[in-house]
Structures are given as structure tokens and as C-alpha cells.
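Before any comments, here is the structure.
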Amino acid sequence: MNRRAFLEVAASGVLGGAWYQARAQSQKPNVIFILADDLGYGDLGCYSSRIPTPNLDRMASEGIRFEQFCSTSSVCTPSRAGLLTGRYPNRIGLEGILFPDDDRGIPASETTIGQMLKGAGYQTMCVGKWHLGSRPEYLPTNRGFDEYFGIPYSNDMTPRLLMRNTEILEQNCRLDTLTQRYTEEAVGFIKRAKDRPFFLYFPHTFPHIPLAASSRFRKKSKVGLYGDSIMEMDWSVGEVLKTLAENNLDENTLIMFSSDNGPWYQGSPGELRGRKGDTWEGGMRVPFIARWKYRIPGGRVTSAFASTLDILPTVGRLAGAQLPAQPLDGVDIWPLLSNDEHVHRDVFLYFDGFDLQCARVDRWKLHVARYNSRSWSPEPVGGRLNLPLWQPELYDLVEDPEETADVSEDNPGIVKEILGHIERALPTFPGRVLAQWQDTMRRKVHYHPAGALPVENKTS
């Protein structure tokens, strides 16, 4: 076959796809994970938003889009800890939000994706919001990343430092130029690293409040500054995609996009119930898009369940890396990404800090406990409590993503099965997790909306 004929066939995708696929399989893939901050499930065009996101929509059309993908927490720090370690955050002491003066971070006993891939010969960089410890020993350059550029915590915390590696560049950085500066750093890293396998972790600052957008995007979305900041982030994704294409990296780069949790004051959880801070789906279910030319078939939408816990074991398998010594809570979802094959997992647990509130098996989600709320119960002595539900509530998340119809009475066998998963899983967690669960189950009261007298809890 002459060169012209080869190119014609390759352009048709018949030979080209197979040839590139064979070549990609013989190489370690580049990996890019882009993470939004407080982006809701319903905030992208491909998830039915009015906010224009053409680059992410294209990425979805060229790859796979998930309808049921969850973070490991409904708030910032724990969700990022779960993503980077493949372990529930309360296993590693990062069950709650870290603040600038906290002296904690990812423990040295844990292995991040960055460390795992560095061990496999990768170049690594983190660009953006870290929020996993701001003391030097916990910064990205000590947790598996060769380079770092960004803000070490949320943009509503002060001082709003902008850092390069461990050096402070600005004490109070401008927010309206941040997405553009992040993007310049990310693109520069890809160009520098293109000749060897690389991992780029790119956690954006927005649309976490306080919101900002550059003059180029301000008022462009026609739905306010929230939409403007998302449009600028979508532009950033487009710049990354363009850089991959210009440097002939498309066929050997797995690029993923998601959010750390559901929307806060603004933004849309779509049809889901709840928001940031909730263990309803609106707090923890997030967009997830994965694209890898010739390796992930394009134009697919899946209702299969996956979570950020699964990223580390999946990437580790693809890179041929040695997995961490600590037991992982995630599973390898590459068979699902590449071939729509079923991936087995025992149970996925929904925690608020150390408190277990829900558990999911396949399409079924069981709510077992919930914090008291003034909207439905009187304030108990001692303040906010995690209370066992009078009757565990079971929801079919395929038929009822809004979690409106409790079907526990019709499915007692499924309720019993999920409770069994909980009983087997919790003893593997740190003592405080099990102790908090036992304390919750000891509560023999249920507070009625009308403030009636407490009654015995039949599930305790």
C-alpha cells in the first residue's frame, strides 16, 4: 500500500484506528484529570444545562459520559483525598474540610496517583487548587508531583496565596486572571513533557465562590458570573485538547473531567435532590467524561455506576504501575470505559465525615441515617445529631434519580442485603467510624416533624 492509499484508509478510521490502537497499547498513556470545584451535575451543556460548554460537549461526544458517577464526599478536602488515594477519606484522617492553619494533610503512609505514576517513570504536575494540606510537607511537591502552580486551598480562605512549588508568588492573587494563568501553566507542562509519559492533575478553582471570570468571558453566558466562570473553564479544556492535537498526543492520552462535589449556593444539581454538603445524590453525583482517541469508543453514555475512588486503580493498571500497599476502596473501571463490560463492586458508602448515612449496591441506594434538621425535627439537646432513620429508605436510582419514592417495603431482601454489606464493611474502617455508627444505632429516638414525643427506633 502506498502512502496516499494508506492515508485514505487511515482517514476512514478502518485501518487508522486499529494501527493507532496497537501503537497506543504498546506505550504508557499520558493521563490528564481536570477537576471543577462545586460544579453541579446539571451545569454542562451535555448534561442539559443552558450554559454553553462546547469543548466539554465535544469531549463527551468523542468519549464516554457517565450518568451515575459519584465523588467520595460532598465537600472539598475529603473528595480530593478520595480521588488521589483511591481510599475513603475517613480512612486517612481527612474526613472534613482543611483550613489554612490546619497542621494535617495526606499522611506519608498514603500513596497518591502522582506518587504511583512517578514510580512508573511519569513526569507529574498539579495545576490549581490543592486543599490537601498547606504545610510544606503536605504540598503537591511532597506528595508525588514534580511541579505545582496554584492556590493551596479554597479561594474563599485567606491569605489567598498563589504558589509555584513551595514558593509564594503572590499573597493575594487576582481571581479574574486565575483560569487563564492555570491554563498557560497546564499547556506549558504538556509541551515540555510530551516526549515522555506524563500525568497532569488540573483542579480548577471555579465555580467555587467567590466567583470571577476574565473580561473576555464576563457576561458571556447570559446567566451570570457563575455561568461565565464555567464558560471560561470550558475554554480552558479546549486549550488542553488543542495542545494535545497539535503535539500528536491525542491517541495516547487519557483525559478525564469531573467535579469534586455538587453545587453550593449557585449551580444546578439537575434533576437530583440535594446540594453540596448532602448525601442525597445532588451533593455527591457529579459529571464525569473520559476521552481517549481509539481506545475509548466515542459517543457513548452509560448509566453504570462509578466513583472517583476508581481513578487510581484504573490509571495504575493502564500505566503498568505498582499499586499502593494500602488496600484500595476503588475498582478498575477500564473494562467499562473501553468495552461497556460490567465491573463488580461490593458496596459504595456515603459518609458525612465519620458518619455513615447511605450505602449503594448496583442501582439501589439505602439511606440508614440522617442529621436532624430544624425543618423536620426539634433541636435535640447537644446540637446536631446523626440519627438512625425510623425505617431505612431504599431508592432505585435508575428509575428514581430524584430519590422521591421509598421502595423499602417492596424490597425487604435488598434492604437486608445492603445492611449486610454495611455490617461487613464498617469493621475495616478506623475505630471512630465504627464507634460513630454504633453510637448512631444506639439512639432509640426518632424526632417527628411536628415535634411529637420520641418513639422507639425499630432499626436500632
Side-chain angles (χ1 to χ4, degrees), residues 7 10-11 13 16-17 20-21 23-24 27-37 39 43-47 49 51-65 122-128 147 149-150 176-207 213-218 220-221 227-259 287-300:
L7 291 175
Y20 274 117
Q21 184 174 17
R23 192 177 81 168
Q27 299 174 322
K28 292 180 182 290
N30 306 310
V31 179
I32 299 175
F33 198 99
I34 303 174
L35 189 70
D37 193 348
L39 180 80
D43 281 336
L44 301 181
C46 53
Y47 284 86
S49 175
I51 301 170
T53 53
N55 294 299
L56 283 161
D57 296 351
R58 175 170 68 90
M59 186 173 151
S61 70
E62 294 174 350
I64 185 170
R65 176 172 68 84
Y122 277 66
Q123 304 163 88
T124 59
M125 185 174 190
C126 172
V127 176
E147 302 177 58
F149 180 88
D176 60 343
T177 63
L178 204 52
T179 298
Q180 294 196 15
R181 295 174 74 179
Y182 283 173
T183 306
E184 291 170 0
E185 292 288 333
V187 165
F189 171 72
I190 294 170
K191 292 178 179 178
R192 293 194 306 276
K194 65 181 180 179
D195 294 327
R196 285 175 43 214
F198 65 80
F199 171 49
L200 171 63
Y201 174 49
F202 192 175
H204 278 274
T205 288
F206 301 116
S214 67
S215 57
R216 177 181 173 185
F217 288 92
R218 203 169 299 124
K220 191 172 182 179
S221 71
D228 300 342
S229 69
I230 291 174
M231 286 191 69
E232 188 159 25
M233 181 174 61
D234 179 78
W235 161 83
S236 174
V237 172
E239 292 299 295
V240 171
L241 292 173
K242 182 172 70 174
T243 303
L244 293 177
E246 291 174 347
N247 289 273
N248 299 314
L249 297 169
D250 267 338
E251 69 272 13
N252 199 41
T253 301
L254 169 61
I255 178 170
M256 296 167 281
F257 176 90
S258 192
S259 177
F288 180 71
I289 301 167
R291 170 188 179 267
W292 185 357
K293 193 172 183 178
Y294 301 129
R295 297 295 304 277
I296 295 178
R300 293 156 59 220

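Start at 1 with the first residue, then count along the sequence.
Asp234 contributes atom CG, which lies 11.5 Å from atom OG of Ser229 (distance to the nearest 0.5 angstrom). Interatomic distance, CE of Met125 versus CG of Leu200, reported as 7.5 Å (0.5 Å rounding). Separation of atoms CZ (Arg216) and CG (Asp176) is listed at 14.5 Å; rounding is to 0.5 Å. Note that CG of Asn252 is 8.0 Å distant from CZ of Arg295, once rounded to the nearest 0.5 Å.
One N or O on the side chain of Ser258 and one on the backbone of Pro287 form a donor-acceptor pair closer than 3.5 Å. Proximity of a side-chain donor or acceptor of Asn247 to a complementary backbone N or O of Lys191 within less than 3.5 Å is not detected. Between the side chain of Asp250 and the backbone N or O of Leu244, no donor-acceptor pair lies under 3.5 Å. Looking at Trp292, its side chain never comes within 3.5 Å of a backbone N or O of Ile255 through a donor-acceptor pair. A donor-acceptor pair is defined here as one N or O able to donate and one able to accept, closer than 3.5 Å; such a pair exists between the side chain of Arg218 and the backbone of Ala213.
Shortest non-hydrogen contact noted between Leu56 and Ile289 is O-CD1, 3.8 Å. Counting all heavy atoms, side chain and backbone alike, Phe189 lies closest to Phe199 at CE2-O, 3.8 Å. Residues Gln180 and Ser214 share a closest heavy-atom pair of NE2-OG, 2.9 Å. What you find for Pro52 and Pro54 is that their closest heavy atoms are C-CD, 3.5 Å. Here the closest heavy-atom approach between residue Val127 and residue Pro203 is recorded as O-CD, 2.9 Å. Contact record, Met256 with Ala290: CG-CB, 4.0 Å, taken as the closest heavy-atom pair.
Lys194 is not listed as a side-chain neighbour of Asn30, based on a closest heavy-atom distance of 4.5 Å or more. Counting heavy atoms from C-beta outward, Ile34 and Tyr201 have side chains that stay 4.5 Å or more apart. Side-chain contact between Ile32 and Ile190: present, with at least one pair of heavy atoms (C-beta onward) separated by less than 4.5 Å. Here the side chains of Val240 and Asn55 are not in contact, with every heavy-atom distance at 4.5 Å or above. Leu44 is listed as a side-chain neighbour of Leu39, based on a closest heavy-atom distance under 4.5 Å. The shortest side-chain heavy-atom distance between Phe257 and Arg291 does not fall under the 4.5 Å cut-off. Counting only heavy atoms from C-beta outward, the side chains of Tyr122 and Lys28 approach each other to under 4.5 Å. Counting only heavy atoms from C-beta outward, the side chains of Phe198 and Arg192 never approach each other to under 4.5 Å.
Because its NZ or CZ atom is not both nearer than 6.0 Å to the ring centre of Phe149 and within 45° of the ring axis, Arg181 does not count as a cation-pi partner of that residue.
For the side-chain contact (heavy atoms from CB on, under 4.5 Å) with Thr179, the lone residue among Glu184, Met231, Glu232 that qualifies is Glu232.
Between Phe202 and Tyr182, the ring-plane angle classifies as perpendicular under the 30° and 60° cut-offs.
Side-chain contact of Glu239 with Thr183: a donor-acceptor pair under 3.5 Å is absent, judged by distance alone.
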